[in-house]
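First up is the structure itself, then whatever we jot down about it.
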Amino acid sequence: MSHSDEITAVLKEHPQARRDSLIPILQQIQDRTGFISPQAVQMVSDELSLPTSKIYGVATFYNQFRFQPLGKFHVQVCRGTACHVKGSAAVLDMLIRELNIKPDETTRDGLFSLEIVACIGACGLAPVISVNGEFHGGVTPDNIKKILDSYRAQAQKDQSQNDAQEDKAK
Amino acid sequence: MIKIEVNNQSIEAKKGETILTALKRAGIKVPTLCHMENLAPTGACRMCVVQVEGRPGLIPSCAYPVENGMKIQTHSNRVLRARKTIVELLLADHPDDCLYCVRNGNCELQRLAEEFQVQQRRYTGKKCDYKVDMSSPAIVRDPAKCILCGRCVRMCEEVQGVSCIDFVGRGSKTIVGTAFDQGLNVSSCVNCGQCIKVCPTGALSEKSQVKQVLAALRDPEKIVVVQHAPSVSVTLAEEFGMKPGVDICGIMVSALRRMGFDKVFDTAFTADLTIMEEASELVHRIQTGGKLPMMTSCSPGWVNFVEKFYPDLIDNISSCKSPQQMMGAVIKSYFAQREGIDPTNIYSVSIMPCTAKKFEAQRPEMNNKNVFDVDAVLTTRELARMIRSHGLDINSLSSDLADSPFGQRSSAGKLFGATGGVMEAALRTAYHLLTGEELKDLTLKPLRGLKGVKHMQVSIAGLDLKVAVVSGLGNARKLLEEIRSGRENLHFIEVMTCPGGCIDGGGQPLGTDLQAVRKRMQALYKIDRDDHLQCSHHNKEVQRLYEEFLGEPLSEKSHHLLHTHYTQRKVSVNRN
């Protein structure tokens with residue numbers, strides 16, 4: 001399903017929608033496509049007769065909306081109280097530096113996206129990060145690179161497997 | 001009428017009005033930042049707080065209705081401290097570069113800081129760092145100077161119906177921006193500049209072209225010609241401390257000469273020319289079953305609005321260029337030929353009440369083999385700055401006349417500066433074109449005044465011509481929706497982008513209220529009343545231009561030089 005088909009599908013679920021449906025529509029679009037694209041904002045604007053600036057204004061008001069597609073590996077950094085006490089700020093700083101993106105952004109190669117989350121209920125492992133739902137406890141700025149490298153290696157492996165399969169198919 | 005007590009004095013108030021309105025009428029000044037005349041209060045900035053006896057907290061006077069017997073303190077210590085703190089907090093995240101700011105000396109935040117004697121930095125914090133948006137040919141946006149009062153957002157949405165900007169983000173990270181924070185040039189902005197008019201600080205300003213004009217004036221090779229729009233002469237005086245509604249046309253002309261412009265032309269001349277073409281076009285459309293209602297094309301913000309929001313109605317817009325662009329075109333053709341000057345050596349400047357004119361001048365259609373009709377557009381404010389920097393004293397300059405061959409104008413052309421003026425001028429000439437006679441009463445009362453929408457029906461040669469006059473794009477939007485859904489009883493519609501017309505355009509002096517706009521309008525009506533040349537078709541220089549050069553209205557040459565076309569613009573807008 002193409003990106004615009006996904007959005008059309010969401011809009012179809014809201015016949016005769018008005019401005020009060022804006023947030024549920026945006027949530028569903030994000031659920032299906034992973035983010036709110038300029039195209040999505042334009043299509044919602046046409047459907048609801050709302051200015052694009054207004055939709056963008058509403059969407060940026062809430063932390064839950066993101067405007068870049070998720071990376072292959074979605075990194076969530078817990079900034080809850082326990083993790084904070086155990087030094088999650090330094091972990092986040094390191095991630096920002098290592099990935100060269102800010103929270104809610106995606107690296108240019110599409111590999112990693114970064115998100116700050118409140119407590120993810122693993123305080124015993126603090127400070128904790130989660131990558132595609134996989135928890136890493138007791139992270140330190142020093143072992144961040146190692147964790148990221150393991151995913152980079154995995155991505156490379158997947159890629160070469162894909163390439164091999166494609167070659168076979170040919 | 002009810003009685004309230006303010007600062008221990010009894011004043012009268014009307015039931016249902018806000019405290020602020022009552023205070024204003026009684027001459028008690030309470031500072032405001034987010035408040036906008038004629039719009040619902042938001043109570044966001046808290047600058048207007050007052051102390052009301054029996055109420056625990058301070059009350060925002062802009063949003064609170066008066067009650068009988070209310071006891072109010074507007075300048076108690078507690079109130080003053082609260083207001084001062086607000087200013088200090090705003091300054092904590094505001095650049096300290098007043099001396100380098102376009103609004104230096106004319107900034108509401110600066111004035112408040114002075115009023116409250118803010119002479120110490122009580123709050124220091126991280127200042128936000130933002131990029132200046134220079135992408136638009138007309139408007140510069142500097143979010144660092146924005147204090148988030150929201151006036152531009154409301155002007156754009158509630159008055160103009162464009163909604164190009166809104167609050168983006170939340171809390172201390174909030175900014176005013178476009179969708180996806182893109183440049184204004186790719187947004188739905190129509191460059192009307194009304195946001196600049198309501199901005200209290202230097203966060204919004206026109207893109208200045210003074211530098212380029214000064215460079216051209218210094219260039220010995222260039223013949224620098226200038227035209228001034230009809231409304232500028234009745235507003236410029238305010239920039240020099242005079243009261244609104246004073247016409248200083250002659251003084252402005254001599255100031256322009258003193259600054260070194262080689263020729264000074266009057267845009268009202270090409271307003272007359274526009275009328276000749278536009279009235280002929282209207283008659284032609286009516287007689288040949290062309291697309292109706294025809295809509296005026298003088299206001300570039302409006303043209304842009306249709307191109308972006310109502311592309312299905314593009315064919316309804318008159319193909320006539322605006323007076324600014326017509327003047328540009330005849331300067332670089334007829335005038336250049338007559339004087340034996342190479343058009344590439346002419347630098348053509350226009351003084352406009354408008355920021356959208358800056359956009360219009362650089363439209364690719366307004367360019368003949370890489371020679372632009374108009375090279376630079378200055379707003380009334382930029383002209384005033386130029387006059388000041390040349391050390392010219394407005395009070396001691398003598399009056400001067402504009403230059404031939406584009407110096408004569410009818411007072412109809414002058415009326416272009418106010419809402420309804422184009423229509424009035426066009427009807428005077430259309431009547432003449434259709435009947436060969438003159439309208440008995442040239443003053444068309446129903447088309448005058450500051451009302452946003454005006455209607456009139458004129459009987460000409462057996463035809464009941466129905467016309468509408470609209471100012472403010474929000475009003476225009478409503479009318480266009482009616483037309484889209486099938487309203488068919490109109491022949492001709494005049495639309496001006498800015499409420500009230502060019503006299504309150506986006507390039508006019510700042511800090512004016514409705515009263516001032518009314519005075520400006522009266523000044524134009526007075527010019528019309530006192531003039532004996534009241535019809536565009538009687539303008540001798542226009543007649544000569546047709547005889548010597550253009551032939552007749554809608555001739556091939558006219559079409560080539562004075563008419564244009566429009567294109568749908570795909571931007572991220574709400575099309576419904």
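Per chain, numbering begins at 1; letters A, B, ... match sequence-line order.
Between the side chain of A:Q68 and the main chain of A:T106, a donor-acceptor pair closer than 3.5 Å is present.
Rounding to the nearest 0.5 Å places CG of B:L490 at 6.0 Å from CD1 of B:I483. For the atom pair CD (A:E98) and CG (A:L114), the distance works out to 12.0 Å, reported to the nearest 0.5 Å.
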When you look at B:E307 and B:I314, which way does the side chain to side chain contact (heavy atoms under 4.5 Å, CB included) test go after all the steps? CA-CA 7 Å; B:E307 289 178 320; B:I314 280 181; 4.3 Å; yes

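A tilted orientation is assigned to the rings of A:F73 and A:F112, their planes being inclined by 30° to 60°. Between B:F305 and B:Y310, the two ring planes are tilted [angle within 30° to 60°].
Proximity to chain A at a heavy-atom threshold of 4.5 Å picks out B:E157, B:S163, B:C164, B:I165, B:D166, B:F167, B:V168, B:G169, B:R170 from residues 143-173 of chain B, in numerical order.
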